[in-house]
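To start, the structure itself, in structure tokens.
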Amino acid sequence: MIQISKIVITQAEKEAVNNVLDSNIIVQGPKVAELEDKFAKAVSCKFAIAVSNGTAALHTALSIAGIGPGDEVITSPFTFIATANSIVMAGATPIFADIDEHTYNLNPQSVEKKISSKTKAILVVDLYGHSVDYGKFREIADKHKLLLISDACQSFGAKYKESPIGSLADISCFSLYATKNLMSGEGGMITTNNAEYSSKAKMFRHHGQSESVRYHYFGLGYNYRMTDINAAIALEQLKKNKSFTQKRRENAKYLSKKLSSIVGIETPIEESYCFHVYHQYTLRILPSYGLTRDELQTKLLENDIQSNIYYPVPLYNVRHLSAGGEKKDFPITEKIVQEVLSIPVHPFLQKKELNKIIDIISNYEKK
Ligand SMILES: *Cc1c(COP(=O)(O)O)cnc(C)c1O
């Protein structure tokens, strides 16, 4: 089976984990601190705060920014559900805006239309590894005095112009889940240049307890700590991240070279402001192609090729999130959920596997 994502654990990760297990400090110890330090440097940000997963990072970011009941946060309906769930977890209301037809990221004009007197923040999502247009979102956030928070869970290593994702929003959130571009099994990271947010995030992940005075609490917090076991894995993976990204980009380039001329297949774009890290390589299957999107997915599977639909359900159709908008406001999202299909692009693909994928998709071009 050609998998949609692949995890490769080498001797280096195993040794690093064993060292932690032998060290007597296995939770939020020196390896977590080292990972925070290296992560902050990697995204050119002053502070990085490790947490237990990406959802915890988002919940922490919104909560320490003071977002809660009665507040609205504008976000994308075309993302993993954790993006919007985190807004509900903070006690606020997700309000959805429509997306751009080619990057699949939030459309700035659509976002601006959804701003109300209750809006506190814009939660942008750098979907599939492609940066949002931070210049435009910063302008809108500043004009309306809103916070700009980034769900960068799929975009470690990506850039907007020359700036790494993670350094552009007021607070950025990453996931180190097993399938993400940088992974630790389960894990999350918050990055910010704001010292107060950094300090609050450190308390929030540890029951709201003061960093310096034990059993002194600033408010409600959670247990969102990362383990040193997970941090040790991420530190080893981080060493290889640049070469993994390069491989993803080469694979994407090769796929696009061969697939972009097929009638009815639209290959991913990389805007001039973006350095894309291809967490996903996502095609649009248009009616002019020889098979429907779902038929193509079945054909690929019959040939031992995994593919996936990220995401088939717009979040305004999810019952507990449906206060956030109505179908008619989202013509682009409505269309895109019917058309997208993500195919393998991970760094461990062989040339012959890429060629097999290309052959099958080429085979069903409408004659
Ligand atoms: C993975 C992901 C999350 C959640 O991260 P977890 O570590 O699984 O909690 C949130 N948002 C997006 C866009 C993601 O891809």
Side-chain angles (χ1 to χ4, degrees), residues 4-5 7 32 35 39 48-63 73-90 94 96-97 99-100 103-106 121-132 137 148-158 165-166 168-169 171-191 201 204-205 222-227 229-231 233-234 237 248 268 276-282 308-315 318 321 324 333 336-337 340 342 345-346:
I4 185 104
S5 66
I7 299 159
V32 166
L35 178 63
F39 200 101
I49 303 94
V51 290
S52 47
N53 57 66
T55 312
L58 287 161
H59 180 209
T60 301
L62 293 162
S63 302
V73 177
I74 301 172
T75 195
S76 174
F78 187 64
T79 172
F80 185 51
I81 194 164
T83 311
N85 275 352
S86 69
I87 299 169
V88 178
M89 288 163 77
F96 299 109
I99 58 171
D100 177 86
T103 64
Y104 316 121
N105 280 331
L106 271 173
I122 306 169
L123 176 53
V124 296
V125 184
D126 303 294
L127 197 71
Y128 302 149
H130 191 289
S131 160
V132 300
F137 282 108
L148 183 59
I149 301 178
S150 160
D151 178 342
C153 288
Q154 301 186 356
S155 288
F156 178 79
I165 300 305
L168 293 140
I171 312 176
S172 303
C173 303
F174 294 86
S175 167
L176 306 186
Y177 179 66
T179 61
K180 303 290 157 94
N181 287 28
L182 172 66
M183 75 96 187
S184 63
E186 292 273 13
M189 195 67 76
I190 297 157
T191 62
F204 194 84
R205 73 174 169 189
Y222 292 74
N223 172 5
Y224 281 167
R225 293 180 304 259
M226 182 188 275
T227 71
I229 302 165
N230 292 107
I233 296 171
Q237 291 275 312
R248 283 178 185 274
H276 198 329
V277 293
Y278 294 97
H279 173 61
Q280 298 298 344
Y281 180 91
T282 303
N308 234 325
I309 299 163
Y310 304 109
Y311 294 90
V313 179
L315 296 183
V318 175
L321 303 170
T333 305
I336 293 303
V337 294
V340 286
S342 299
V345 73
H346 65 72

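This one's a predicted model, so the numbers in the text were calculated from it and none came from an experiment. Counting starts at 1 for both ligands and their atoms, following the listed order.
Classified by interplanar angle (parallel below 30°, tilted 30° to 60°, perpendicular above 60°), the ring pair Tyr222/Phe204 is tilted. Between Tyr104 and Tyr128, the angle of the ring planes goes over 60°, which puts this pair in the perpendicular group of the 30/60° scheme.
The backbone N or O of Ser150 sits nowhere less than 3.5 Å from a side-chain atom of Asp126 that would complete a donor-acceptor pair.
By the ring-ring contact (aromatic ring centres under 6.0 Å, His included) test, Tyr310 is found to be paired with no residue, residues two or more places apart in sequence or in another chain being considered. Every residue was checked against the salt bridge (charged side-chain N to carboxylate O under 4.0 Å, His left out) condition with Arg248, not counting sequence neighbours, and none meets it.
The distance criterion of under 3.5 Å between nitrogen or oxygen atoms is not met by Tyr177 with respect to ligand 1. At under 3.5 Å, not a single nitrogen or oxygen of Glu186, backbone or side chain, sits near a nitrogen or oxygen of ligand 1. Polar contact check, Leu176 against ligand 1: no nitrogen or oxygen pair lies under 3.5 Å apart.
Phe39 CZ to Ile49 CD1: the interatomic distance, rounded to the nearest 0.5 Å, is 10.5 Å.
Nearest to atom 2 (C) of ligand 1 by heavy-atom distance, out of Gln154, Lys180, His59, is Lys180. Between the choices Asp151, Asp126, Val51, the shortest heavy-atom distance to atom 11 (N) of ligand 1 belongs to Asp151.
The part of Thr79 lying near ligand 1 is the side chain, judged by heavy-atom distances below 4.0 Å.
Close approach of ligand 1 to Ala82 (heavy-atom distance below 4.0 Å) involves ligand atoms 4 (C), 10 (C). Close approach to Gly54 involves these atoms of ligand 1, each under 4.0 Å from a residue heavy atom: 5 (O), 6 (P), 7 (O), 9 (O). Distances below 4.0 Å separate heavy atoms of Asn53 from the following atoms of ligand 1: 7 (O), 9 (O).
Of the N and O atoms on the side chains of Thr55 and Ser86, not one donor lies less than 3.5 Å from an acceptor on the other residue.
For atom 9 (O) of ligand 1, the nearest non-hydrogen atom of the protein is Thr55 OG1, 2.5 Å.
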